[in-house]
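I have placed the structure first, in the form of structure tokens, so that the comments after it can refer back to it.
On a predicted model such as this, the values are computed, not experimentally measured, just so you know. Order of listing sets the numbers, starting from 1, for every ligand and every atom in it.
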Amino acid sequence: MLLVGELINSSRKKIEQAIKDQDVNYIQEIAKEQFENGADYIDVNAGTFVGQEGSYMNWLVNTVQETVDAPCCIDSPDPQVVEDAMKLHKGIPMVNSISLEKERFDALMPVVSGNDCKVIALCMSDEGMPETADDRVAIAEDLVNKLVQKNVPIENIYVDPLVQPISTNDNYGKEFLSAIEQIMTKLPGVHTMCGLSNISYGLPHRALMNQAFMIMAISKGLDGAIVNPLDKRMMASITAAETLAGRDTFCMNYLDAYRNGKLEL
Ligand code: THG
């Protein structure tokens, strides 16, 4: 399972303040903690800073890369911000994200084509947010076909079917889960990825909902996620669910996690 640490995001008050203060130590501490607790990529997002997003994004990439060996996941809806950050990133970053929205697609396609980076393909089009599993699968098929045609290896594509709050529509959970299952079976070789925490928006005890949903999504084939690696319960749930889903030969990862104290909550 590919894990992206979500904590360096300016929508979080402490991070927003640290970016404003150009507090290198705080950002580096959060980057290190996430890496040490299992993040394969460190998400960087400065999206709340209108007009300054680009310069803050570049500063985040430099600051994170100075201190951890994990690459960044460059998280912005603005293709120019993504392109500029990719240029100064050392090694190969992850792009978060391309979508079927025409402007975004046309601007990012040349950037990801012929580059060995992993790409998150967000199930969003100019018609807006998908409602049903069928909407998501149709966008995913179109987007993946277009990316593959432009020489992006299918193994580098992580489709994000887009999680929406269960508090706004009883069906959003099952539509998402069905989309994961269909995308993983209809597009062999592709990966899936998502930020799960939207599912619990507006509800109490969000961590409980997020964990239950993660386990259900893993059972449908989800093999990537944007998570808080410092959430021990979530990380233990992921380890257990992967083993139960048949993705852990001889339960080796589960036993390793146990021996390393990662299952103590
Ligand atoms: N898909 C893709 N990228 C994404 C998302 C996605 N990037 C952003 C987001 N969704 C995932 N990242 C975060 C980062 C932080 C938090 C949630 C998701 C977070 N949320 C807490 C909350 O909502 O309660 C606390 C906020 C706070 O501390 O102020 O921390 O879906 N491709």
Side-chain angles (χ1 to χ4, degrees), residues 2-20 26-27 30-31 33-34 37 39-49 53 57 60 64 72-79 81-82 85 93-101 104-105 108 112 117-124 129-130 136 139-140 143-144 147 156-168 172-173 175-177 179-180 183 190-211 213-214 217 222-231 233-235:
L2 189 96
L3 295 179
V4 178
E6 72 183 9
L7 294 177
I8 303 182
N9 188 311
S10 65
S11 70
R12 302 179 66 241
K13 286 281 162 276
K14 279 185 173 169
I15 296 291
E16 185 179 37
Q17 195 59 48
I19 294 173
K20 271 190 200 149
Y26 184 72
I27 297 294
I30 302 291
E33 275 188 306
Q34 293 187 93
N37 286 283
D40 300 299
Y41 285 79
I42 308 296
D43 195 84
V44 280
N45 181 314
T48 58
F49 292 100
E53 185 188 359
M57 175 65 92
L60 283 176
V64 169
C72 293
C73 176
I74 300 167
D75 189 353
S76 169
D78 184 335
V81 169
V82 174
M94 185 167 201
V95 171
N96 187 8
S97 52
I98 197 164
S99 76
L100 213 54
E101 295 155 287
R104 189 164 172 182
F105 181 87
L108 272 184
V112 300
C117 59
K118 294 189 195 310
V119 184
I120 299 180
L122 195 62
C123 290
M124 213 150 86
M129 306 267 272
R136 290 173 163 85
I139 297 173
L143 198 46
V144 170
L147 285 163
N156 281 356
I157 306 174
Y158 282 76
V159 176
D160 181 344
L162 212 70
V163 173
Q164 288 176 266
I166 195 76
S167 56
T168 61
Y172 279 160
E175 297 295 345
F176 175 88
L177 294 167
I180 293 282
I183 289 163
V190 88
H191 300 285
T192 41
M193 153 80 66
C194 63
L196 280 162
S197 61
N198 258 350
I199 197 68
S200 60
Y201 182 81
L203 293 172
H205 285 299
R206 294 186 65 175
L208 173 64
M209 286 298 241
N210 295 347
Q211 278 159 41
F213 198 52
M214 176 68 85
L222 181 77
D223 62 354
I226 306 175
V227 292
N228 174 4
L230 309 187
D231 179 343
R233 232 169 239 285
M234 174 60 94
M235 295 299 275

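- For atom 8 (C) of ligand 1, the nearest protein heavy atom lies under 4.0 Å away.
- Qualifying side-chain contact (heavy atoms from CB on, under 4.5 Å) partners for Ala85, counting only residues two or more places apart in sequence or in other chains: Met57, Asn58, Val61, Ile74.
- Between Phe176 and Phe213, the two ring planes are tilted [angle within 30° to 60°].
- Of the protein's heavy atoms, Arg12 CA, 3.8 Å lies nearest to atom 29 (O) of ligand 1.
- Here Ser197 has side-chain heavy atoms under 4.0 Å from ligand 1, and that is the only part of it that gets that close.
- Scanning Ala207, Gly224, Gly195 for the heavy atom closest to atom 31 (O) of ligand 1 points to Gly195.
- Between the side chains of Asn210 and Ser197, no donor-acceptor pair of N or O atoms lies under 3.5 Å.
- Between Cys123 and Pro161, the shortest heavy-atom contact is SG-CA, 3.7 Å.
- Residues passing the side chain to side chain donor-acceptor pair (under 3.5 Å) test with Ser167: none are found, sequence neighbours excluded.
- Within the 4.5 Å cutoff, the side chain of Ile98 has no heavy atoms near those of the Ile120 side chain.
- Considering both main-chain and side-chain atoms, Asn45 never comes within under 3.5 Å of ligand 1 through any nitrogen or oxygen pair.
- Using a 4.0 Å cut-off between heavy atoms, Asp75 contacts ligand 1 through its side chain alone, with no backbone atom that close.
- Shown here is Arg206, whose CZ atom has more than 12 heavy atoms of other residues, nucleotides or ligands within 6.0 Å.
- Remark: minimum distance from atom 16 (C) of ligand 1 to any protein heavy atom is reached at Glu6 OE2, 3.8 Å.
- Using a 4.5 Å cut-off on side-chain heavy atoms (C-beta onward), Leu2 and Lys118 make contact.
- Residue-level proximity to ligand 1 for Met193 is absent, since no heavy atom of it falls below 4.0 angstrom.
- For a threshold of 3.5 Å applied to N or O pairs, the pair formed by Asn198 and ligand 1 contains no separation below that value.
- Looking at Asp75, its side chain never comes within 3.5 Å of a backbone N or O of Val44 through a donor-acceptor pair.
- Atom 21 (C) of ligand 1 is not flagged as protein-proximal [any protein heavy atom, distance under 4.0 Å].
- Of the protein's non-hydrogen atoms, Arg206 NH1, 3.4 Å is the one closest to atom 24 (O) of ligand 1.
- For atom 14 (C) of ligand 1, a protein heavy-atom neighbour is present inside the 4.0 Å cut-off.
- Taking each of Val227, Leu7, Asn96 in turn, the one with a heavy atom nearest to atom 3 (N) of ligand 1 proves to be Asn96.
- The nearest protein atom to atom 11 (C) of ligand 1, hydrogens excluded, is given as Ile226 CG2, 3.9 Å; this is a heavy-atom distance.
- Side-chain atoms of Ser11 and Asn9 form a donor-acceptor pair, as typed in the model, at a separation below 3.5 Å.
- At least one heavy atom of Asp160 lies less than 4.0 angstrom from ligand 1.
- Considering backbone and side-chain atoms alike, Asp43 places every N or O at 3.5 Å or more from each N or O of ligand 1.
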